[in-house]
Novice: 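Here's a structure for you.
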Amino acid sequence: MRSGHLGRWAAVTGAVLLAAGCSQATGLAGVSAQSPATIRPSATPSPATVASTDPATSATPGPSAEHQAAEEPPKGDDPVRVPPPKLSKYEYAFPVKGCRTTYQRKLLVLPKTTIWAQQGCAFVAPIGGVVDEVNVQNKWRPATDAGADREGRFVTIIGDDGVRYLGGHLDSVANGIKPGVRVNAGQLLGRVGKSGNARDTGANLYFAISWKTGPAFWWVRRGMVEPWDYLDAWQSGNRTYSPRDETLALRGKLGETPRCAVQCSSKKTPQAQTTKKPKRPTRDDGTVTVNPSIAPFGQQ
């Protein structure tokens, strides 16, 4: 009887030991298999633990850096500079270099313009070409106001585009500038001044566009084509805007040497009045008789 109780007690004790060993190794669902004594305490929970246990953060995870970069619009770069369209094979330069300028953009008397600039500013070739006419003397006189002399000192060139360009009212002509000399666009031709009929005005450059003629047709060189649209383009950076087509079309319409139409005549020089001496009567024998009314005092 006693041996039967001992056997039963041994069987129960073995079963309990076997269950304890299994639960320590594998653990129950949701229960750690490690005893509380073996867990090392931590002062602060790790970020991974907070993220996994915080309901707010676990429900709506924050956007990643790649996600933010994809949603933010990229910053704009500097604007792309597009060069102006090429309108001709010729390249031009504004005729006054290195100085502040203003000029007229409307027709006053002649189709030319006055480029206002400080005296001594550089007048340069607006295009490569050949020097045509040069006047280094200021021949203008207010008493006569001759049309051929109104520009004072001036230089004209025949550009590679076949157009003639005039710069007048110069203070001086650059060294070496003479008819037949080859020049490049932007090359110094003279200095802005007040020669010619600009002597009583501010310094300026008389600038005109025309076509080649002989010196006798001075009114043609004084300007046939309105220049301000071309000056605007050259100054703003469109250096290929050419007056060639307009100039050739106008020459074909008017002829190479049209008649003068504006400011053609010069002032007439006033002539000194002369008094005629009265004729002295003579006798038939040729003896001169003094008229008593005009005889010198004491000879009456």
Side-chain angles (χ1 to χ4, degrees), residues 94-96 99 101-126 129 131-159 163-174 177-179 188-228 230-231 243 247 250-251 254-271:
F94 193 79
V96 177
C99 290
T101 61
T102 59
Y103 52 90
Q104 298 167 335
R105 291 178 172 83
K106 61 181 179 179
L107 178 64
L108 295 177
V109 179
L110 293 168
K112 55 86 181 177
T113 194
T114 300
I115 303 178
W116 301 98
Q118 188 175 0
Q119 186 162 348
C121 290
F123 163 52
V124 300
V131 177
D132 183 38
E133 295 177 88
V134 177
N135 181 25
V136 297
Q137 296 181 353
N138 186 15
K139 302 176 182 179
W140 183 81
R141 298 293 178 269
T144 56
D145 191 25
D149 302 331
R150 286 190 177 107
E151 281 66 64
R153 299 182 186 92
F154 67 84
V155 175
T156 67
I157 69 168
I158 305 299
V163 178
R164 177 167 62 180
Y165 301 90
L166 162 70
H169 297 328
L170 299 179
D171 184 65
S172 62
V173 176
I177 299 300
K178 57 185 179 180
L188 180 66
L189 300 180
R191 298 286 177 179
V192 174
K194 298 192 295 183
S195 63
N197 64 350
R199 72 173 192 177
D200 296 327
T201 68
N204 67 86
L205 178 72
Y206 184 108
F207 185 75
I209 298 176
S210 63
W211 53 85
K212 182 175 175 59
T213 57
F217 303 95
W218 50 265
W219 54 87
V220 177
R221 76 162 179 253
R222 297 196 70 211
M224 301 299 292
V225 175
E226 297 176 352
W228 39 85
Y230 302 103
L231 292 175
T247 303
L250 186 61
R251 186 182 69 174
L254 300 179
E256 185 175 341
T257 56
R259 296 181 60 183
C260 183
V262 180
Q263 295 180 338
C264 301
S265 60
S266 303
K267 295 179 181 179
K268 293 182 179 180
T269 304
Q271 297 180 354

Novice: How far apart are the closest heavy atoms of L188 and A122, and which atoms are they?
Specialist: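 So the minimum-distance heavy-atom pair works out to CD1-CB, 3.6 Å.
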
Novice: Could you check V163 against W211 for side chain to side chain contact (heavy atoms under 4.5 Å, CB included), going step by step and ending with a plain yes or no?
Specialist: CA-CA 5 Å; V163 178; W211 53 85; over 6 Å; no

Novice: Report yes if the side chains of E151 and N135 come closer than 4.5 Å at any heavy-atom pair, otherwise no.
Specialist: no

Novice: So, is the end of the R221 side chain (NZ or CZ) under 6.0 Å from the ring centre of F217 and within 45° of the ring's axis?
Specialist: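 No; the conditions do not both hold, so R221 does not lie above the ring face of F217.
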
Novice: Work out which heavy atom in K112 is nearest to a heavy atom in W228; give both atom names and the distance.
Specialist: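 Closest heavy-atom pair between K112 and W228: O-CZ3, 3.4 Å.
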
Novice: Is a salt bridge present between D171 and K194, judged by a nitrogen-to-oxygen distance below 4.0 Å?
Specialist: no

Novice: Are L205 and L170 side-chain neighbours, meaning at least one heavy-atom pair lies under 4.5 Å?
Specialist: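 Yes; the side chains approach each other to less than 4.5 Å.
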
Novice: Between P243 and Y165, what is the shortest heavy-atom contact and its length?
Specialist: CG-OH, 3.3 Å

Novice: Counting only heavy atoms not in Q118, do more than 12 fall under 6.0 Å of its CD?
Specialist: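 No, CD of Q118 has 12 or fewer neighbouring heavy atoms, counting only those of other groups under 6.0 Å.
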
Novice: To check you understand the geometry: which heavy-atom pair defines the closest contact between G255 and P258, and what is its length?
Specialist: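 Closest pair (atom of G255, atom of P258, distance): O-CD, 3.3 Å.
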
Novice: Evaluate side chain to side chain contact (heavy atoms under 4.5 Å, CB included) for E133 paired with F154, printing each intermediate quantity in order.
Specialist: CA-CA 8 Å; E133 295 177 88; F154 67 84; 4.0 Å; yes

Novice: Nearest 0.5 Å please: distance from the SG atom of C260 over to the CZ atom of R222.
Specialist: 8.5 Å

Novice: Quick one, T114 and L108 - any side-chain contact, counting heavy atoms below 4.5 Å?
Specialist: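 A side-chain contact is absent here, since even the closest heavy-atom pair is not under 4.5 Å.
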
Novice: How long is the gap from CD1 on I115 to CZ on F94, to the nearest 0.5 Å?
Specialist: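 Reported value, rounded in 0.5 Å steps: 4.5 Å.
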
Novice: Would you call the rings of H169 and Y206 parallel, tilted or perpendicular if under 30° counts as parallel and over 60° as perpendicular?
Specialist: perpendicular

Novice: Using modelled atom types only, decide if a donor and an acceptor are shared between the side chain of R150 and the backbone of D145 within a distance under 3.5 Å.
Specialist: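 It does hold such a pair.
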
Novice: Is the backbone N or O of D149 less than 3.5 Å from a side-chain atom of W218, with the two atoms forming a donor-acceptor pair by type?
Specialist: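 Not a single qualifying donor-acceptor pair exists.
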
Novice: Let me confirm one number: the CD-CG distance from Q119 to N204, rounded to the nearest 0.5 Å.
Specialist: 10.0 Å

Novice: Side-chain contact test, heavy atoms from C-beta onward, threshold under 4.5 Å: evaluate it for T213 versus E256 and give yes or no.
Specialist: yes

Novice: Testing the basics here: between S266 and A146, what is the closest heavy-atom pair and its distance to 0.1 Å?
Specialist: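 Result for this residue pair: OG-CA, 3.1 Å.
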
Novice: Kindly determine whether I157 and D132 satisfy side chain to side chain contact (heavy atoms under 4.5 Å, CB included), including the steps that lead there.
Specialist: CA-CA 5 Å; I157 69 168; D132 183 38; 5.8 Å; no

Novice: Could you check whether S210 and R164, counting side-chain N and O atoms only, form a donor-acceptor pair closer than 3.5 Å?
Specialist: yes

Novice: Considering only heavy atoms from C-beta outward, does the side chain of Y103 approach that of P227 to under 4.5 Å?
Specialist: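 The answer is no, as the side chains (C-beta and beyond) never meet within the 4.5 Å cut-off.
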
Novice: Would a 4.5 Å heavy-atom cut-off, applied to side chains only, mark R153 and V136 as touching?
Specialist: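 R153 vs V136: side chains apart.
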
Novice: Taking L166's backbone N and O only, do any of them form a donor-acceptor pair with T156's side chain (distance below 3.5 Å, no angle check)?
Specialist: no

Novice: How close do W116 and A203 get, heavy atom to heavy atom, and via which atoms?
Specialist: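 Nearest heavy atoms, W116 then A203: CE3-O, 3.6 Å.
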
Novice: State, yes or no, whether a side-chain contact exists between F123 and V96 at a heavy-atom distance under 4.5 Å.
Specialist: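 Answer no - side chains too far apart.
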
Novice: Hey, what do you get for CG (L250) to CD (E226), rounding to the nearest 0.5 Å?
Specialist: 10.0 Å

